[in-house]
Amino acid sequence: MRTRSIASGDGKRLRVGSWDAAPGAGSRGFCAIFDGQTEFIEKYAEVTDELAARGFSGAILDWRGQGGSERLIADPLKAHVRDFTEYDGDLSAFMDQIVQPEIARPPVALAHSMGAHILLRALKRNPKSFSGAVMTAPMLRTATRGYPAWLVRAICSAHARVGLANGWVWGMQERDPLRVPFDENLVTSDCERFTRTRTILGEHPDTRLAGPTWCWLEAAYRSMAELEAPGFAAAITTPCLIFGAGRDRIVETAAVRDFARRLPHGRYVEMPEAEHEILMENDSIRGKFWTEFDAFVGQVL
């Protein structure tokens, strides 16, 4: 994996990684990876190796405020943006500076959670920018873990109004990934892959995030409302393969399922045994993912 830095439109430094197709694998095109909140380039090394073995070269982006990209507030463990249009700018810079110079035809996108959410915003603006998009557990409605959604939304708005926008969302300060044990994690049932990610973070602690600020969450609610608005899904004409996780505790799988069914060219696959991070799950779940991925890209390419 080669890494370098680029600048977003507003001057924020973004770290990107790129890889080549494996020798002898042929060339099937370019794959752009958009990862989720708190994630980072090195976490996807296994995925990029699997893509390279399939003949894909590609690139992956660290969103502003996470991974090796520029942090936006003093506490480096907080995920923070004022509005999701800032992420739109990151994606545009990545496409213009990294992806477009490397491609002869529209690339395939592979996106997870928040990255899939931001990708959907991009597909609405420019549906011809990708030949196809594969998304795992897209962030369409966040889980509130037993609290009424209206109450969480009201609390979030109140914190943003009274000058606490940069504070931790309740409980997130306890989610430092170097301190959360496997049996308290909410994203994977695979201990080996969980431990691997934690080892990487231990070697590169500056890349880690714990959780969002109230300002980030308020921005996320505004953007999720945009995606749930009538006509949004229907306007996305790019072929899409969307995976839902049956045991997801981060986003609401029902919302993912409903959104996928409103897409003109969407296919939905649910992984009943999967936690939120399908690509970081056990071999059985991942094997099913790659079978579906291979069939989908075979059609769109």
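For the single chain, residues carry numbers from 1 onward in sequence order.
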Without placing hydrogens or testing angles, list every side-chain donor-acceptor pair under 3.5 Å for residues 227-245, not counting sequence neighbours.
from, atom 1, to, atom 2, distance (Å)
E228, OE2, R141, NE, 3.3
E228, OE2, R141, NH2, 2.6
T238, OG1, P127, O, 2.4

Indicate yes or no: at least one non-hydrogen side-chain atom of [X] is less than 4.5 angstrom from one of [Y].
X: L301; Y: R105; result: yes
X: H159; Y: W170; result: yes
X: L77; Y: W168; result: yes

Give a yes or no on whether a salt bridge exists between [X] and [Y], defined as a side-chain N under 4.0 angstrom from a carboxylate O.
X: K43; Y: D35; value: no
X: D190; Y: R286; value: no
X: E226; Y: R121; value: yes
X: E174; Y: R179; value: no

Quick one: CZ on R249 to CG on L186, what's the gap to the nearest 0.5 Å?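 Here the rounded value is 5.0 Å.
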Looking only at the side chains, is there a donor atom on one of [X] and [Y] sitting less than 3.5 Å from an acceptor on the other?
X: R153; Y: S157; answer: yes
X: E281; Y: S189; answer: yes
X: E102; Y: S57; answer: no

Do other residues, nucleotides or ligands put more than 12 heavy atoms under 6.0 Å from E46 CD?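 Counting other residues, nucleotides and ligands, CD of E46 exceeds 12 neighbours.
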Quick test of your reading: applying salt bridge (charged side-chain N to carboxylate O under 4.0 Å, His left out), list the pairs with at least one residue in residues 59-76, sequence neighbours left out, ordered by first then second residue.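 Applying salt bridge (charged side-chain N to carboxylate O under 4.0 Å, His left out) to every pair that reaches into residues 59-76, excluding sequence neighbours, yields D10-R64, R15-D62, R64-E86, R64-D90.
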Show me the side-chain donor-acceptor pairs of residues 130-137 shorter than 3.5 Å, one per line, residues at least two apart or across chains.
from, atom 1, to, atom 2, distance (Å)
S131, OG, P106, O, 3.3
S131, OG, P107, O, 3.3
T136, OG1, H112, ND1, 2.9

Test your reading of the model: is there a side-chain donor-acceptor pair from R175 to the backbone of A210, 3.5 Å cut-off? no
Cation-aromatic face contact R54/W290, 6.0 Å, 45 degrees: yes
Does NZ or CZ of K78 come closer than 6.0 Å to the centre of the six-membered ring of W216, within 45° of the ring's axis? no
